[in-house]
2 protein chains.
Amino acid sequence: MTVRNEQLQGIPGTTAGIFPAACPSRTVLDHVTSKWGVLVLLALSREPHRWGELRRGIEGISEKMLAQTLRTLEGDGFVHREVQAVIPPRVDYSLTARGRELTEHLLPLMGWIDDNAAEILAPRVD
Amino acid sequence: MTVRNEQLQGIPGTTAGIFPAACPSRTVLDHVTSKWGVLVLLALSREPHRWGELRRGIEGISEKMLAQTLRTLEGDGFVHREVQAVIPPRVDYSLTARGRELTEHLLPLMGWIDDNAAEILAPRVD
DNA sequence: CAGTATCCCCGAGGATACTG
DNA sequence: CAGTATCCTCGGGGATACTG
């Protein structure tokens, strides 16, 4: 996607544009910034969690979306899924090294949003 | 949303959960990570752009979504809209100070995604 | 407990036409 | 040029029921 700073000047003119529709970065960005992606990644950023913990902790997420989000993030190599052969079943989700690299960038972002959200939405109801 | 690192341990147990459904952070996060939010913000992060530049530069965005995204980001105080009273009309969009604070966190994130996207998607078609 | 399977709906979002 | 207005589609995503 060539978002590197030196290349961000690309927009003006009729040239191809700095954000081509079909590029790997857009795909990964969509996975990460999907409706529940960031929340799941952040939930796992501190410590591993079981399915049920995530289900309850990430308020509002449905089982379907939790499963789908986890599978996508696992497919991208951000999340590690570990099944324990016990009864009742126990499955733990944790971040991979790659996932930790990613959340290193997500955490400051969410921290800033968290710090500023109230003021940002202050005058409006929205 | 209490994403602050010290508080991220909240998930286990039956407690309220670290990601309550109704909190300002979730709203702002949704705005920023909306389908086109990050792309618009990054496009403006280097320099101001006119409507048409954004329309062409952010490949695949429709006029409706560009207008909607810009209005939301303007409403959140991330984007400044400046109309020039000339014919033909000219409107410039730029980041506010708050918008620049935000993109300071977005840029490293997208930089990392950009650097790793190909490898992340490597084995699959997806 | 940790999911899948199904059904279904609503609204995000695209296409097109039009306007100041 | 910089948008709005309108219509319409499609799939994201929720609810529920079920299973190993």
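So that the names make sense, note that chain A is the first sequence line, chain B the second, and so on, each numbered from 1. The figures that follow rest on heavy atoms only: side chains count, while hydrogens, waters and symmetry mates do not. The structure displayed is predicted, hence computed values, not measured ones.
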Checking side-chain contact (heavy atoms from CB on, under 4.5 Å) for the pair A:L109/B:L102: CA distance, chi angles, key distance, verdict? CA-CA 7 Å; A:L109 173 65; B:L102 176 60; 3.7 Å; yes

I need the CE-C1' distance between B:M65 and C:dG13, as an integer number of Å. 6 Å

Range-with-range stems for DNA chain D, at least three Watson-Crick or G-U pairs under 3.5 Å: C:1-20 with D:1-20

Rounded distance (nearest 0.5 Å) linking atom OG1 of A:T33 with atom CZ of A:R26: 11.0 Å

When you look at B:L106 and A:W112, which way does the side-chain contact (heavy atoms from CB on, under 4.5 Å) test go after all the steps? CA-CA 11 Å; B:L106 253 26; A:W112 184 88; over 6 Å; no

Can you tell me the distance, in whole Å, between the CD atom of A:Q84 and the C1' atom of C:dC1? 12 Å

Show your reasoning for whether side-chain contact (heavy atoms from CB on, under 4.5 Å) applies to B:V32 and B:F78. CA-CA 10 Å; B:V32 173; B:F78 295 131; 4.1 Å; yes

Over how many whole Å does the gap from B:D30 atom CG to C:dA12 atom P extend? 11 Å

Could you give the distance from OG (A:S25) to CG (B:D114), rounded to the nearest 0.5 Å? 4.0 Å

Whole angstrom is fine here: how far is it from CD1 in A:I58 over to P in D:dG14? 12 Å

Please report the distance, rounded to the nearest Å, between CH2 in B:W36 and P in C:dA12. 16 Å

What side-chain donor-acceptor pairs closer than 3.5 Å can you find for residues 60-70 of chain B, not counting sequence neighbours?
from  : atom 1 : to    : atom 2 : distance (Å)
B:S62 : OG     : B:M65 : N      : 3.2
B:T69 : OG1    : B:M65 : O      : 2.7

Please evaluate residues A:I120 and B:T27 with respect to the criterion side-chain contact (heavy atoms from CB on, under 4.5 Å), reporting the C-alpha separation (whole Å), side-chain torsions for both, the decisive distance (0.1 Å), and the verdict. CA-CA 10 Å; A:I120 289 171; B:T27 303; over 6 Å; no

Nucleotide by nucleotide, 5' to 3', does protein get under 4.0 Å of the base (B), only the sugar-phosphate (S), or neither (-) in nucleotides 2-8 of chain D, counting heavy atoms? SBB----

I need the B:Y93 OH to B:R50 CZ distance, nearest 0.5 Å. 11.5 Å

Quick one: on DNA chain C, does B:Q68 or B:R55 contact a more 5' nucleotide (nearest heavy atom)? B:Q68

Rounding to a whole Å, what distance do you find between A:I87:CD1 and D:dG20:C1'? 9 Å

